[in-house]
Amino acid sequence: MKTTCPYCGVGCGVEVNAGVVSGDAAHPANAGRLCIKGSTLAATLDDSNRLLVPTSGGRQVSWDEALDEAAAKFSAVIAQHGPDAVAFYGSGQFLTEDYYAANKLMKGFIGSANIDTNSRLCMASTVAGHIRAFGEDIVPGCYDDIEEADLLVLAGSNTAWCHPVLFERALAARAARGTKIVVIDPRRTATAALADLHLPIRPDGDTALFLRLLTALNQQDKIDASYVRCHTKGFAKALAAAEENHISAASLGIADADLDTFLHWFCETPRTVTLFSQGVNQSSNGTDKVNAILNVHLASGRIGKPGMGPFSLTGQPNAMGGREVGGLANQLAAHLRFENAEDRAMLQSFWNAPRLPKKPGLKALDMFDAVLAGRVKAIWIAATNPAESLPRSARVRAALEACPFVVAADCWPTETTRLANIVLPAAGWGEKDGTVTNSERTISRQRPFRAAPGEAKPDWWMFTQLARRMGFAAQFAYTKPADIFREHAALSGCGNEGARLFDISGRAKLSDAAYDDMAPFTWGGKRLFARGGFSTPDRLARFLPVALPAPQKRDQAFPFILNTGRLRDQWHTMTRTGFVPALMESAAEPSFSLSPEDAKAQNITQGDLLRVTTRHGSAVLPAEISQNQRAGEIFAAMHWTGAHSTTGTINQLIGPEHDPISGQPASKFEPASVQRLQTDWHAIVQTRAQPRPAGQFCAARVPLAGGMHRFVLAGWKPLQFGAELSDWAARLCGADADAERIEVMDAGRGIYRLGILRRNTLLACLFIAPRRELLPGPATLAELFSVTNWQGSRAGILMANAKPGGATGRMVCICHRVSEPDIRAAIRDGSLRDVAAIGRACKAGTNCGSCKGELAAILQSTTALELVT
Ligand SMILES: Nc1nc2c(c(=O)[nH]1)N[C@H]1C(S)=C(S)[C@@H](COP(=O)(O)OP(=O)(O)OC[C@H]3O[C@@H](n4cnc5c(=O)[nH]c(N)nc54)[C@H](O)[C@@H]3O)O[C@H]1N2
Ligand SMILES: Nc1nc2c(c(=O)[nH]1)N[C@H]1C(S)=C(S)[C@@H](COP(=O)(O)OP(=O)(O)OC[C@H]3O[C@@H](n4cnc5c(=O)[nH]c(N)nc54)[C@H](O)[C@@H]3O)O[C@H]1N2
Ligand code: SF4
Ligand SMILES: [Mo]
């Protein structure tokens, strides 16, 4: 069975044979490659923790009861308060068919535009930038351009971790034709470690950098005058706006020589692709950043030609499909335009819809504000976890608690489903059936190869059922995804004489069998705009006269900037990847990364607990001192949620700042303060149970093979050794009342040990010590669990088998199971000098390749150490 990977927007083709997942050699995105997340997909097909039946108020109900109740509540709110008192909040993890049905129901039949999605947090700035420049939301190039370029500029993109298969293609280009790679990122990421040039730009310096580049192209006579004349408008103004500023390397936070090299390479290299992602989009001037990038490509005529173009890397598997069906509150379906009355009339008649809103609806941040204020009284949330992923997440949770009626559809329980009145079990990857569109406009099928567990159902079915129950049966007569796809395809051609480039109407009459067999295809063709033909009324692209953003007002109380982003092996709120043991081995615990300078200034050492506070909340996590951080900046991964960490839910710290045009939150720039806490105790728990620790300490959950969990804890409030501690420890272990407890308590030395046994089996154990080095490591714990003979002094056995230390190093290459210490040893023993040599010596990085960036970083730090010592 051929299908598509459900993680990132690269959209790799996947083959599944008898439960084994491999790359599809025939798919144009990946030609058989998969990254570590794709290749561990089979491990996510575990049904043990899935949502299986609909519930209402926590009580199991039938689908009919759940849907009848939802339809009645939505209808009642609309009848009493009007259509704008309800909302849908969806996701780029919907299939196109799910998305189409949701958007049609809300905009055409409920008659409100209050449907928005997590793409608001992800791609909204690019959508707005594309529309401003091209007249339509279009990525002009294709993945082949990456292999045909001589220069790749990666702006605000940790490609090696977030789009690994494309990064492999970039490395292939370097090997084949010497392509240079430039990374623009305040952090020295794994991607930067493999770059030819890293510009550790100050946060939000991108607009200035690309304005400076526009002036350099002009000074060095690299403007493509004929392209600019024939296919664009507004160049002179855009150039004048750029020239108004004096932008020095120092103001960008980078070295003069590095800025010169970048400008020189860009000016001299026609075959240049600029790839950009969240460092660009998630900013209070994200849309301007996008247009500053598009401006340099339009000015140099480097667009839509082999190896040339601006290239927005989409995050989610179907970010693009969502944009095609108009899933955002300010879009209409099929790239039709809200502000255009003719477009609205056409859509209304195509859908045979009773009404269509005239104005855009609430964007994500405003939507949840409206929920909190009581203006939105019923909300349907699906395929996203806003209680964790939206800024000010504590406030979002309060909004959901206060909302009279919340429906949440998900495959797994989440913080969002926990707060919903009705929880609906959704079919997940491998079970759902439909299409997705990747970053290069290629539409691929996701095909089901297993039955959905329990009563789980796909989202398109849920929306169709809701629509029918709200009185719109005739226009929601779909019985399968193919019905929806055909309608979506037909709409894209409706009244479209080339006005919108998104046109897949050639497939409007596909048979069911042809839909099932549909091979990946790219709409619009591989490349667009080489000879103009933009989607504006006069067919000309627009240069935007981009101004420098006003300097951010800084507050002495929050001198640091908190930046957030992703880790290689985790996916967002960890509902899937956080339960795959292999994916927890490279980074098992959350942390705050900070520079050695800042650590020194505040007397912080590795592993100290830090409290990071912003205007919106605070979190406590261990310090990770990293050469990769600029001074004054902190980084935290966005992933950890309440289910995985007691004090590390990061979106509680992020505020409502956003781009005024796109409404996209500035998730990478939050003023913060840092306080070192006196860590009083450390603990480690390993258990067969599934407790959920809560309290005034920092805890991280690590899933282990065989259904066990490890918890790593640290606290800044002294523990009182005594009976209370015993009870607390037993609860942390998830111990049954009747299980046998073995305890060793040494209050003087701050040491406590607990084993929970039933007959001859260890169910759980817990160790507390004043320093982390005094705790047993993972390997020691594994040995303790393999003890089968607990005869004699059980406390003695617990003591004897729990020697401190024994920690294994972080796993870097998951495929071949090579840890960081092994890699360092191989580098030293073999005097290795490059990533390929490491692969030959110990196999690391030779399978999926996702760890090559870390190998480069380890290589650099090992070699640097050697030079020093
Ligand atoms: N492993 C993994 N892969 C993923 C995902 C995942 O959860 N895990 N999610 C997918 C999704 S939905 C998305 S949207 C993509 C995101 O993919 P990316 O955008 O590559 O990921 P991020 O880590 O969010 O941010 C990228 C980088 O932006 C940098 N940055 C911060 N501020 C600035 C700035 O002002 N300027 C510049 N130039 N850079 C800045 C950060 O330091 C960070 O390294 O990844 C997709 N792929
Ligand atoms: N601080 C900070 N916050 C961020 C970001 C950041 O960089 N920093 N990045 C933002 C970005 S770019 C994104 S994309 C968002 C992602 O944020 P979310 O969308 O909230 O993250 P996920 O964990 O992917 O949540 C998706 C949920 O959908 C469920 N699911 C999967 N498939 C289906 C399906 O077919 N149907 C249904 N009903 N459910 C399904 C999964 O189990 C999961 O619980 O986070 C944003 N938040
Ligand atoms: S690169 Fe993205 S689409 Fe491809 S296998 Fe990895 S996560 Fe899946
Ligand atoms: Mo995203």
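Heavy atoms only: backbone and side chains are in, while hydrogens, waters and symmetry mates are out. When a ligand or atom number is given, it counts from 1 through the structure's own listing order.
Closer than 4.0 angstrom to ligand 2 sit non-hydrogen atoms from Gln93, Asn118, Leu121, Cys122, Gln278, Gln282, Gln316, Ala383, Thr384, Asn385, Ser389, Ala409, Asp410, Cys411, Trp412, Thr414, Ala426, Ala427, Lys432, Asp459, Thr564, Arg566, Trp571, His572, Thr573, Thr575, Met638, Asn651, Ile654, Ser667, Lys668.
Contact of the Asp24 side chain with the Cys12 side chain is not registered, since no non-hydrogen atoms from C-beta on lie closer than 4.5 Å. Inter-residue side-chain proximity for Glu388 and Arg397 is flagged as met; some heavy-atom pair is nearer than 4.5 Å.
The pair Lys668-Asp204 does not meet the salt-bridge criterion, since no charged nitrogen lies less than 4.0 angstrom from a carboxylate oxygen.
Trp161 and Gln570 share no side-chain donor-acceptor pair at under 3.5 Å.
Taking a cut-off of 2.8 Å, the protein N, O or S atoms nearer than that to atom 4 (Fe) of ligand 3 are Cys12 SG.
Between Leu466 and Leu105, the shortest heavy-atom distance links the atoms CD2-CD2, 3.8 Å.
Remark: Arg187 qualifies as a cation-pi partner of Phe635 under the 6.0 Å distance and 45° angle criteria applied to the six-membered ring.
Residues passing the side chain to side chain contact (heavy atoms under 4.5 Å, CB included) test with His658, sequence neighbours excluded: Leu365. Contacts of Phe405 classified as ring-ring contact (aromatic ring centres under 6.0 Å, His included), with partners at least two apart in sequence or in another chain: none.
No option in Thr4, Thr3, Asp433 other than Asp433 meets the side chain to side chain donor-acceptor pair (under 3.5 Å) test with Arg445.
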